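First the structure, in the form of structure tokens, and then the observations on it.
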Amino acid sequence: MTQILVLTTGGTIDKLYFDALSQYQVGETVVGRVLATARVTHPPRIVELMRKDSLELTGEDRTIIAQAVAEAPESHIVITHGTDTMADTARALATAIPEVLESKTVVLVGALAPARFAESDAPFNLGMAFGAAQSARPGVWITMNGQVFDGRHVRKDRAIGAFVGN
Ligand code: GLU
């Protein structure tokens with residue numbers, strides 16, 4: 001059975017609403033709960049790397065993500081990530097660890113509405129990411145909007161709130 005690693009970095013997928021502060025913050029990851037609800041029988045290893053909105057991610061953070069990918073024994077890896085700079089991280093991985101990506105399939109995924117929300121896109125997006133992580137060839141990919149994108153040739157179009165290939 002394919003062993004999958006999930007690295008969580010934050011983003012809206014794990015956000016929750018703090019009433020007293022009237023704002024959203026990244027909370028404890030809900031990926032495990034989403035997978036339990038989906039009756040995933042062979043649970044992945046989940047490692048919470050950071051809890052950041054992706055607009056706050058630094059070069060150092062991206063080095064930490066690349067190291068976690070490179071050092072993982074698993075060769076099928078899903079990274080949960082905010083959508084605003086998801087394409088930047090995908091390209092950073094492709095540049096930092098090209099030799100690692102010759103043998104590992106890495107899929108970045110996020111959600112435009114928190115997984116804690118009833119109408120969130122998170123469960124569908126995570127499902128897509130798990131499918132792609134097990135079936136796409138080695139490299140870095142982004143799954144959003146029901147599509148699988150080459151992580152080196154994709155951008156988020158903020159005007160339409162969706163990812164487009166480029
Ligand atoms: N600024 C947020 C982020 O990139 C955008 C919403 C999202 O998480 O996708 O983390």
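Both counts, for ligands and for their atoms, begin at 1 and track the order of listing. These figures come from a predicted structure and were not determined experimentally.
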task: Answer with yes or no whether the side chains of Thr95 and Arg62 bring together a donor and an acceptor at under 3.5 Å.
output: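 Not at all, the side chains of Arg62 and Thr95 share no donor-acceptor pair under 3.5 Å.
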Exercise: do Thr2 and His76 side chains pair donor with acceptor under 3.5 Å: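 No donor-acceptor contact under 3.5 Å links the two side chains.
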- request: Would you indicate whether the side-chain heavy atoms of Asp53 and Lys15 approach each other to under 4.5 Å?
  value: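 A side-chain contact under 4.5 Å exists here.
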message: At less than 4.0 angstrom from any atom of ligand 1, which residues have a non-hydrogen atom? List them by chain and residue number.
response: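 Those residues closer than 4.0 Å to ligand 1 by some heavy atom are Gly11, Thr12, Asp53, Ser54, Leu55, Gly82, Thr83, Asp84, Ala111.
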field: Test item: Asn166 side-chain N/O and Val154 main-chain N/O as donor-acceptor pair under 3.5 Å
entry: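 Looks like yes, one N/O pair under 3.5 Å.
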message: Please list all pairs meeting side-chain hydrogen bond (donor to acceptor under 3.5 Å, both in side chains) that have one or both residues in residues 97-123, counting only residues at least two apart or in different chains.
response: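 For residues 97-123: Asp121-Asn125.
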message: My understanding is that only one of Thr29, Leu35, Val30, Val31 makes a side-chain contact (heavy atoms from CB on, under 4.5 Å) with Arg33; could you say which?
response: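 Single pass found, and it is Val30.
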